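First up is the structure itself, then whatever we jot down about it.
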Amino acid sequence: MSPVNSDDSSGDPFADAGLPLTRKEIRAREKAVTAESGDAVPEQAYESGEEVHVGAGSAQRTGASASDSASGSDGARTAATATPVAVPAASPVPEAHIPDAQVPPAHAVPAAEVPDAPPVPPTIHDPAEHGEAAVPTGTATHEEAASGVHGVQSEDAPHFAEFADGHHGPEEGVHHEDGHHYDIHHDAVGHDTYEDHEHYEQQAVGHQLLAGAEDVATVARPSKKVRRRRRLVALLLSLALFVTATVVGAQFLKPLLGNDKPGDFPGPGTGQVKVSVDPGEGPVSVAAKLEDAKVVANADTFMAALTASGGTLSPGEYDFKQEMKNSDAVSVLLNEGQAKVMYFALNAGLRIDESLQAISEGSGLSLAQLKALSDAPKQFGLTAKAKNLEGFLAPGEYRFPLGTTAREILTKLVKTTQDELKAQGVTDAAKQYDAVTVASIVQAEGGQAEYKDVAGAIYNRLKPTNTETNGLIQSDATVTYGLGKKTFHIDEAEKADKSNPYNTYAIQGLPAGPIGSPGKNAIDAAAKPNDNDYLYWVTINLDTKETKFSKTLAEHNGYVEQYNAWCEANPGRCV
């Protein structure tokens, strides 16, 4: 037997009132209380659902809904013997007035003591949606106020079971969250007082809200995945706005910052521009030259292309077009188009035989043909003293179109040297020849930092008033040139050999001619030397080209000892 149907040993059929009561049980209890108090309530009032007016106060009892008849209870817990008759859900409940005489006056309840129950708030639970009988609107009776909790929402009993677990039964005190304690009182006829109505109505309304919560359209909170996706979308939108603002801002700032120039020209370019690369000049300087000459659009992007190629620069003069592509300009600098042109490079200080060999190898021209032209220097505008083109083949890097003749090539090189002499004020052919001869000695004897001082000392030795050296230049480089060898060391016999026309130890004045191809700086030093009192010079370090100058022989001999010490410390370098 379930606990619901077990009777208390005390004989009170409602001793288990602490448990949730059904609507039918609440009616049975009210019948029993009324019977004990002696108040006679017509049985037909329970069966027909008619209203019963008691005395001056009116206690309305309406018919039970379809759920009342559905809530089967075996009557074990009810003290009333009459079985209520369920009213069909579809038919309205008629009102039946009972004469006041049927109610015993002794037990009549004054109207003032039994106030009408406040109207039950509308519920969000629609009985029609669940197949329940419609409950007439209006003022609810005490019975319905008490039974509405268990009867009207019988289908949602599981929800109310959770709600009722935290409340006491009708006979116990109800403890609310605010700490107040309410007791349930019964009047003389066994009906609940106004406090009882308020308690039941609060329970009924709360249960109705709970029971109808499933029918209310609620907005579910987005899942974590959805919220995460929304945050990601917001982040991406913010990033896109930032990038767009940066790009747009950069377009406005480019003209102000000078970055509005293009990164490259489309090419292939037009016209012809000559750009020279000086010895030791770096790629940054060359890139700036090319941009200034409008060969490339942007020095920075050209530098990036040159660096990516992995090539190195070589000194010389290069032919470019204006508005070339970076890659094409890099190819010109790195001689990648050599197969399409005649290309060769001449270093400063090369002797005539070395220069002609380099020209022949680069151009494909016959060495014999080049030598024959060199041995007839007059056709190139040189003085009659010149035996060949020695000293006049200007160093540098050259490119000539395929089919260029040997004469055209040699004319170009000689003219470059003559133009440099004319730029320094030396226009006479004889004087040009002497200047190139001095420049060739300067190129071989001194470092570039001392070119003008070496040239000044040479001219001091050639002065007729010079009694220290008696017009002797005394250059080792001239002696070795006449001997047809390259060395930094000569012996005393070689110095005394007058049969060598280039022996400046034995023959006064300039040697028979230039001893190599001087570069631009050496030619400028020979054309415009420093005015000094030096008569001697010696290079004491062949690696750094450090040169020491002196006015007397004794001082000079001290520097010669430093040179000999360096030679001993570097075996094989001075021979």
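Only a predicted model underlies this, so the values are computations on that prediction, with no experimental measurement involved.
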Indicate every side-chain donor-acceptor pair of residues 420-427 with a distance under 3.5 Å to a residue at least two apart or in another chain.
unit_1 : atom_1 : unit_2 : atom_2 : d
Q424   : NE2    : D524   : OD1    : 3.0

Return a table of donor-acceptor pairs under 3.5 angstrom between the side chains of residues 276-290 and protein atoms on other chains or two or more places apart.
unit_1 : atom_1 : unit_2 : atom_2 : d
E281   : OE1    : D278   : N      : 2.9
E281   : OE1    : K289   : NZ     : 3.2
E281   : OE2    : S285   : OG     : 2.6
E281   : OE2    : K289   : NZ     : 3.1
K289   : NZ     : S276   : O      : 3.1

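Every residue two or more places apart in sequence or in another chain that forms a salt bridge (charged side-chain N to carboxylate O under 4.0 Å, His left out) with E354 is listed here: K486. With sequence neighbours excluded, the residues forming a ring-ring contact (aromatic ring centres under 6.0 Å, His included) with F549 are Y534, listed by chain and number. Y481 meets the ring-ring contact (aromatic ring centres under 6.0 Å, His included) test with Y502; sequence neighbours excluded. In this view, Y536 and H556 satisfy the ring-ring contact (aromatic ring centres under 6.0 Å, His included) rule, not counting sequence neighbours. Taking D531 as the reference, nothing meets the salt bridge (charged side-chain N to carboxylate O under 4.0 Å, His left out) condition, with sequence neighbours excluded. Partners of Y398 under the ring-ring contact (aromatic ring centres under 6.0 Å, His included) rule, at least two apart in sequence or in another chain, are F344.
One finds the CG atom of N557 at 8.5 Å from the OG1 atom of T552 (value rounded to the nearest 0.5 Å). Here the CD1-CD distance, from I490 to E492, works out to 8.0 Å after rounding to the nearest 0.5 Å. For the atom pair L542 CG and R573 CZ, the distance stands at 6.0 Å (nearest 0.5 Å). Atom OG1 of residue T478 and atom CD1 of residue I441 lie 6.0 Å apart, to the nearest 0.5 angstrom. Atom CG in L389 sits 7.5 Å away from atom CG in L356 (nearest 0.5 Å). Atom CD1 of I458 and atom CG of L510 lie 8.5 Å apart (nearest 0.5 Å).
Among residue pairs with one or both ends in residues 463-478, none qualify as salt bridge (Lys or Arg N to Asp or Glu O under 4.0 Å); sequence neighbours excluded. Applying the side-chain hydrogen bond (donor to acceptor under 3.5 Å, both in side chains) test to every pair with at least one member in residues 363-374, sequence neighbours left out, gives no pairs at all. For residues 399-431, no residue pair satisfies the disulfide (SG to SG under 2.5 Å) rule, not counting sequence neighbours. Pairs of residues two or more places apart, or lying in two chains, never qualify as salt bridge (Lys or Arg N to Asp or Glu O under 4.0 Å) while including a residue from residues 325-335.
With hydrogens and angles left out, the side-chain atoms of D375 and N388 include no donor and acceptor closer than 3.5 Å. Side chains of N466 and T469: a donor-acceptor N/O pair is present below 3.5 angstrom, by distance only. For N460 and N532, the side-chain atoms include at least one donor-acceptor pair closer than 3.5 Å. A donor atom on one side chain and an acceptor atom on the other are found under 3.5 Å apart for E445 and S475. No donor-acceptor contact under 3.5 angstrom links the side chains of T487 and T480, judged on distance only.
Remark: the backbone N or O of A376 is paired with a side-chain donor or acceptor of Q379 at under 3.5 angstrom. Of the possible donor and acceptor atoms, none in the side chain of T307 sits under 3.5 Å from a partner among the backbone N and O of A304. Not one N or O on the side chain of Q443 forms a donor-acceptor pair closer than 3.5 Å with the backbone of N521.
For the pair A394 and L346, the tightest heavy-atom approach, listed with the atom from each and the gap, is O-CD1, 3.8 Å. Across every non-hydrogen atom of R351 and I515, the tightest pair is CG-O, 3.7 Å. A455 and P529 make their closest contact through CB-CB, 3.7 Å (heavy atoms, listed as atom of the first residue, atom of the second, distance). What you find for A506 and A496 is that their closest heavy atoms are CB-O, 4.3 Å. Scanning all heavy atoms of the two residues, the minimum distance from T244 to A240 falls at OG1-O, 2.8 Å. Nearest approach of M324 to P268, heavy atoms of both residues: CG-O, 3.7 Å.
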Tell me, with the steps shown, if N298 and D264 meet side-chain contact (heavy atoms from CB on, under 4.5 Å).
CA-CA 6 Å; N298 192 309; D264 198 359; over 6 Å; no

Report the C-alpha separation of T504 and Q474 in whole Å, then their side-chain angles, then the decisive distance to 0.1 Å, and conclude whether the side chain to side chain donor-acceptor pair (under 3.5 Å) test is met.
CA-CA 5 Å; T504 55; Q474 297 179 327; over 6 Å; no

Can you list the steps and then say if L413 with F392 is a side-chain contact (heavy atoms from CB on, under 4.5 Å)?
CA-CA 7 Å; L413 273 59; F392 283 84; over 6 Å; no

With side-chain contact (heavy atoms from CB on, under 4.5 Å) as the test, would you mind laying out the steps for Q508 and L472 before giving the verdict?
CA-CA 5 Å; Q508 294 178 330; L472 297 174; 3.6 Å; yes

Go through the steps to decide whether D497 and N503 satisfy the test side chain to side chain donor-acceptor pair (under 3.5 Å), and finish with yes or no.
CA-CA 7 Å; D497 184 8; N503 184 358; 5.9 Å; no

List the steps, then state whether side chain to side chain donor-acceptor pair (under 3.5 Å) holds for N326 with T301.
CA-CA 8 Å; N326 287 334; T301 57; 3.2 Å; yes

side-chain contact (heavy atoms from CB on, under 4.5 Å) between L393 and L350, worked out
CA-CA 9 Å; L393 299 180; L350 291 180; over 6 Å; no

Side chain to side chain donor-acceptor pair (under 3.5 Å) assessment of E494 paired with Y505:
CA-CA 9 Å; E494 293 171 335; Y505 279 94; over 6 Å; no

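Within 6.0 Å of NZ in K274 there are more than 12 heavy atoms belonging to other residues, nucleotides or ligands. The number of heavy atoms from other shown groups lying within 6.0 Å of NZ (K294) does not exceed 12.
Side chains of W537 and S550 form no contact here, defined as non-hydrogen atoms less than 4.5 Å apart.
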